[in-house]
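Right, one structure below, let's go through it.
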Amino acid sequence: MRKILFRAGTILVLLIIAAVMFFIGRGHTIYFDNKNLDYEGTRYEAVRRINVSVNGEQVARLSKKERGMATCMGQSFQFDIEVIREKNGESEFYSYSLSLPYGMDGIIVNLPGIMSGLPQDAWMSEFIPAPEPPDEENEELPGEEDFDPAGEI
């Protein structure tokens, strides 16, 4: 009986560790966009310059139509931004804390949208990389191995 209890206890401890690692150890790549956003008929314009910092370290310096990125572990993410709306203008500072979705590895955050106070579905989306085009130079065509350009068989 004692042997069974030790085995059951060991399995229970391993399951608890696995559950904790699932939530804490999940990695995400966060992409920051400084691009125009159209939402419900309103256009939210990109700003002149945005500096993004995570844990006091600058991870991106974005002009209009640019994208930066940072990586994080866990399901929560905090970042600070410094916004400069016009040349030689005053800096504005904002801090944000996000709850990251479990099913997304790459997350795009539109900074003009989040600064405007829009709902999360307006400024957050999943990053889906574009497929690479096939390399046509080395692509083998069907029946090509039987083709003899000199006409000899």
Side-chain angles (χ1 to χ4, degrees), residues 5-142 144-145:
L5 287 175
F6 277 123
R7 286 183 180 173
T10 303
I11 291 172
L12 182 64
V13 168
L14 288 175
L15 289 174
I16 290 171
I17 290 171
V20 168
M21 291 307 294
F22 176 77
F23 291 106
I24 293 175
R26 180 115 170 99
H28 297 277
T29 303
I30 313 295
Y31 298 95
F32 301 103
D33 276 357
N34 184 18
K35 298 178 181 179
N36 296 337
L37 174 68
D38 293 319
Y39 182 71
E40 293 185 349
T42 304
R43 183 176 204 100
Y44 299 90
E45 297 287 332
V47 295
R48 183 177 185 281
R49 168 124 12 243
I50 297 179
N51 297 320
V52 182
S53 299
V54 177
N55 297 328
E57 181 183 335
Q58 184 174 328
V59 295
R61 183 177 179 156
L62 308 173
S63 296
K64 288 183 178 182
K65 299 181 182 178
E66 289 186 338
R67 174 179 286 171
M69 71 170 236
T71 57
C72 77
M73 298 296 280
Q75 295 308 121
S76 62
F77 182 67
Q78 296 178 344
F79 65 98
D80 303 311
I81 58 175
E82 175 188 10
V83 178
I84 303 167
R85 295 191 186 274
E86 53 192 50
K87 192 171 186 175
N88 300 324
E90 295 279 326
S91 295
E92 301 171 26
F93 295 92
Y94 301 91
S95 291
Y96 295 98
S97 181
L98 305 179
S99 231
L100 303 176
Y102 296 108
M104 284 191 211
D105 291 329
I107 299 168
I108 300 172
V109 175
N110 183 283
L111 295 173
I114 195 171
M115 289 186 316
S116 299
L118 297 176
Q120 182 174 334
D121 65 326
W123 50 262
M124 182 184 282
S125 60
E126 184 172 9
F127 177 77
I128 301 171
E132 292 183 25
D135 186 12
E136 293 183 21
E137 247 181 60
N138 297 331
E139 187 176 342
E140 198 172 298
L141 299 174
E144 191 173 84
E145 66 276 353

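Model, not experiment: these values are computed from the prediction.
Not a single salt bridge (charged side-chain N to carboxylate O under 4.0 Å, His left out) links Arg48 to another residue, sequence neighbours left out. For Glu45, the salt bridge (charged side-chain N to carboxylate O under 4.0 Å, His left out) test picks out Arg43, with sequence neighbours left out.
Between Phe77 atom CZ and Ser99 atom OG the span is 12.5 Å, to the nearest 0.5 Å. Separation of atoms OG (Ser76) and CG (Leu100) is listed at 7.0 Å; rounding is to 0.5 Å. Here Glu66 contributes atom CD and Asp33 contributes atom CG; the two are 10.5 Å apart, rounded to the nearest 0.5 Å. In this structure, CD1 in Ile16 is found 12.5 Å from CD1 in Ile11, a value given to the nearest 0.5 Å. The distance from the CZ atom of Arg49 to the CG atom of Leu62 is 8.5 Å, given to the nearest 0.5 Å. Note that CG of Asn55 is 8.0 Å distant from CD of Gln78, once rounded to the nearest 0.5 Å.
The backbone N or O of Ala46 lies less than 3.5 Å from a partner atom in the side chain of Asn36, making a donor-acceptor pair.
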Compile the donor-acceptor pairs under 3.5 Å between side chains in residues 107-129 and protein atoms, sequence neighbours left out, one pair per line.
residue : atom : partner : partner atom : Å
Asn110  : OD1  : Gly113  : N            : 2.9
Asn110  : ND2  : Lys35   : O            : 3.2
Ser116  : OG   : Pro112  : O            : 2.8
Trp123  : NE1  : Leu118  : O            : 2.9
Trp123  : NE1  : Pro119  : O            : 3.3

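Minimum interatomic distance between Gly68 and Ala60 (heavy atoms only, all atoms of both residues): CA-CB, 4.0 Å.
Within the 4.5 Å cutoff, the side chain of Phe32 has no heavy atoms near those of the Asn34 side chain.
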